[in-house]
Amino acid sequence: MCYKFMVCVTYRIHEESYMKKFYKFLTELRRNYFKNRILKRYANTRNPEIRELIETIRKENELNIFNYDFYNKYKNKKTEVQYDEDSKMYYVIENGRRLYFKRSMCEKDVIEYYRGISAEQDEKSPHRYVSDSVCLKQGDCVLDLGAAEGNFVFQNVDKIAKAVLVECDKEWVEALKMTFKNYKHIKIINQKVSGHAQNGCTTLDELGDRHGAFDFIKMDLEGMEAAVLGGGRIH
């Protein structure tokens, strides 16, 4: 019986290893397919920004989330990851503070993820949440919809007067509570946000009524931003 169990476990390990390799192969295949389509589609573009992107893709010979030169400094950014034995979660220390990650993430996942969110907020990144015309001021009240790991509030925690972070993923909420456990002016809500208060979702109106006015609203809702804005009034 023990022998059969060992054979079964060994088979499962090999099967999972094969599936990971196969998934990686498919991912690379899709990436090359779209890379070639993009290069062909915009081969003769006159748009200077698109031309810059195309040149970077050709030079690097790969398709990344950010196909700009600035992204290179984040690809292999030295990242020291530590493990919290009490919470059983990994974290990264930045500016003397701990930024926690999902319990299900391994050390490699954390490194790749942290490099990604660091690149997102580079001053040259198109995904950056602030700009010269959209800025966060000292003493602002912040609403963060789709908070995930909470990096935006984490980077500005000493600047803001209060922040409400709304996140529907329970694993991220668990990590957020660890990251901000010593900050009384940070509130974390485990809920979906929508344009309508139904099926357990909250709205901009409800959040404003419950927590007061906000000076700065950051949203990263996978394409649902317009619908959420459409369901709110000005507070």
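All figures in this text were calculated on a predicted structure; none of them were measured in a lab. The figures here come from the full heavy-atom set of this structure, side chains too, leaving out hydrogens, waters and symmetry mates.
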Report summary line: In short, Ala161 meets His185 closest at the heavy-atom pair O-CB, 3.3 Å
**Report entry** Side-chain heavy atoms of Val228 within contact of Met219, under 4.5 Å
**Finding:** yes
Query raised in the report: Any salt bridge between Asp122 and Lys73, counting N to O under 4.0 Å?
Result: yes
Query raised in the report: In Å and rounded to the nearest 0.5 Å, what is the CD1 to SG distance from Ile217 to Cys141?
Result: 11.5 Å
Report task. Kindly give the heavy-atom pair with the smallest separation between Gln138 and Asp158, and that separation in Å. Result -> NE2-O, 3.5 Å
Report task. List for me each residue that meets side-chain hydrogen bond (donor to acceptor under 3.5 Å, both in side chains) alongside Glu62, sequence neighbours excluded, and say none if there are none. Result -> Lys75
**Report entry** Atom pair OG1 (Thr79) and OH (Tyr74), whose distance is rounded to the nearest 0.5 Å
**Finding:** 11.0 Å
**Report entry** Within-4.5 Å side-chain heavy-atom neighbours: Leu204 and Leu145
**Finding:** yes
Query - Closest contact, heavy atoms only, Tyr90 versus Met105 - result: CD1-O, 3.4 Å
**Report entry** Other residues, nucleotides, ligands: >12 heavy atoms within 6.0 Å of Lys159 NZ
**Finding:** yes
Query raised in the report: If you round to the nearest 0.5 Å, how far is CG of Leu165 from NZ of Lys177?
Result: 12.0 Å
Report task. Go through the steps to decide whether Lys77 and Tyr114 satisfy the test side-chain contact (heavy atoms from CB on, under 4.5 Å), and finish with yes or no. Result -> CA-CA 9 Å; Lys77 180 182 178 181; Tyr114 181 71; 3.9 Å; yes
Report task. Go through the steps for Asn61 and Lys35 under the test side-chain hydrogen bond (donor to acceptor under 3.5 Å, both in side chains), then give the verdict. Result -> CA-CA 9 Å; Asn61 196 31; Lys35 179 192 73 175; 3.1 Å; yes
Requested in this report: For Glu55 and Lys59, run salt bridge (Lys or Arg N to Asp or Glu O under 4.0 Å): C-alpha distance rounded to whole Å, both residues' side-chain angles, the deciding distance at 0.1 Å, then the answer.
Outcome: CA-CA 6 Å; Glu55 287 171 6; Lys59 183 173 67 176; over 6 Å; no
Report task. Determine yes or no for a side-chain-to-main-chain donor-acceptor pair under 3.5 angstrom, with Lys218 supplying the side chain and Gly146 the backbone. Result -> yes
Report summary line: Residues at least two apart in sequence or cross-chain that pass side chain to side chain contact (heavy atoms under 4.5 Å, CB included) with Asp84, listed by chain then number, are Asp86, Ser87, Tyr91, Arg98, Tyr100, Met178
Requested in this report: Group every Ile, Leu, Val, Met, Phe, Trp and Tyr by side-chain heavy-atom contacts under 4.5 Å, then state whether Phe34 and Tyr42 land in the same group.
Outcome: yes
Requested in this report: Check whether any side-chain heavy atom of Arg51 sits under 4.5 Å from a side-chain heavy atom of Ile54, and report yes or no.
Outcome: no
Report summary line: In Glu149, Glu171, Glu167, the residue satisfying side chain to side chain contact (heavy atoms under 4.5 Å, CB included) with Leu176 is Glu167
Report summary line: So CG of Leu99 and OH of Tyr113: to nearest 0.5 Å the spacing works out to 9.0 Å
Requested in this report: Looking only at non-hydrogen atoms, find the nearest pair between Met89 and Ala175 and report the distance.
Outcome: SD-CA, 4.1 Å
Query raised in the report: Taking the side chain as C-beta and beyond, is there a heavy-atom pair between Ile38 and Leu63 under 4.5 Å?
Result: yes
Query raised in the report: Among the clusters formed by ILVMFWY side chains lying less than 4.5 Å apart, do Tyr33 and Leu39 turn up in the same one?
Result: yes
**Report entry** is_close_aromatic(Phe66, Tyr68), centroid dist under 6.0 Å
**Finding:** no
**Report entry** Test side chain to side chain contact (heavy atoms under 4.5 Å, CB included) applied to Lys88 - qualifying residues, sequence neighbours left out
**Finding:** Tyr83, Glu85, Arg103
Requested in this report: Compare all side-chain heavy atoms of Leu136 with those of Ile160 and state whether any distance is below 4.5 angstrom.
Outcome: yes
Query raised in the report: Say you draw a straight line from CD of Glu107 to CD1 of Ile111; how long is it, rounded to the nearest 0.5 Å?
Result: 5.0 Å
Report task. For the pair Phe180 and Tyr183, name the ring-plane relationship: parallel under 30°, tilted 30 to 60°, perpendicular over 60°. Result -> perpendicular
Report task. Find out if a path of hydrophobic residues (ILVMFWY) with successive side-chain heavy-atom gaps under 4.5 Å connects Val130 to Val153. Result -> yes
**Report entry** Geometric cation-pi criterion, Arg97 with Phe154: 6.0 Å, 45°
**Finding:** yes
Query raised in the report: How long is the span from the OG1 atom in Thr203 to the CD atom in Gln191, to the nearest 0.5 Å?
Result: 9.0 Å
**Report entry** Residues in side-chain hydrogen bond (donor to acceptor under 3.5 Å, both in side chains) contact with Arg31, at least two apart in sequence or another chain
**Finding:** none
Requested in this report: Could you walk me through whether Val164 and Phe214 pass side-chain contact (heavy atoms from CB on, under 4.5 Å), step by step?
Outcome: CA-CA 9 Å; Val164 176; Phe214 296 102; 3.9 Å; yes
Query raised in the report: Taking only residues two or more places apart in sequence, or in another chain, which ones meet Ser125 in a side-chain hydrogen bond (donor to acceptor under 3.5 Å, both in side chains)?
Result: none
Report task. May I have the step-by-step check of side-chain contact (heavy atoms from CB on, under 4.5 Å) for Arg128 and Glu120, ending in yes or no? Result -> CA-CA 6 Å; Arg128 196 179 184 210; Glu120 282 181 354; over 6 Å; no
Query raised in the report: Taking NZ, NE, NH1 and NH2 as the nitrogens, is one of them in Glu174 or Lys170 under 4.0 Å from a carboxylate oxygen of the other?
Result: no
**Report entry** Note, Asn36 side chain near Lys40 side chain (heavy atom, < 4.5 Å)
**Finding:** no
**Report entry** Nearest heavy-atom neighbours spanning Gln155 and Glu94
**Finding:** NE2-OE2, 2.7 Å
Query - Asn47 atom CG, over 12 foreign heavy atoms within 6.0 Å - result: yes
**Report entry** Carboxylate-amine/guanidinium proximity below 4.0 Å for Lys124 and Asp69
**Finding:** no
Requested in this report: Please assess Asp144 against Val166 for the test side-chain contact (heavy atoms from CB on, under 4.5 Å), listing each intermediate value before the final yes or no.
Outcome: CA-CA 6 Å; Asp144 188 344; Val166 184; over 6 Å; no
Query raised in the report: Any side-chain heavy-atom pair from Asp220 and His127 closer than 4.5 angstrom?
Result: yes
Query - Side-chain donor-acceptor contact under 3.5 Å, Thr202 with Glu206 - result: yes
Query raised in the report: Do Val157 and Phe101 sit in the same hydrophobic cluster, where Ile, Leu, Val, Met, Phe, Trp and Tyr count as joined when their side-chain heavy atoms come under 4.5 Å apart?
Result: yes
**Report entry** Non-hydrogen side-chain atoms of Val92 and Glu80 separated by less than 4.5 Å
**Finding:** no
**Report entry** Basic-acidic side-chain contact under 4.0 Å: Lys162, Asp215
**Finding:** no
Report task. Could you tell me whether Arg41 atom CZ has more than 12 heavy atoms of other residues or ligands within 6.0 Å of it? Result -> no
Report task. Not counting sequence neighbours, which residues clear ring pair (Phe, Tyr, Trp, His ring centres under 6.0 Å) with Phe216? List them please. Result -> Phe152
Query raised in the report: Is it the case that more than 12 heavy atoms not belonging to Arg37 sit under 6.0 Å from its CZ atom?
Result: no
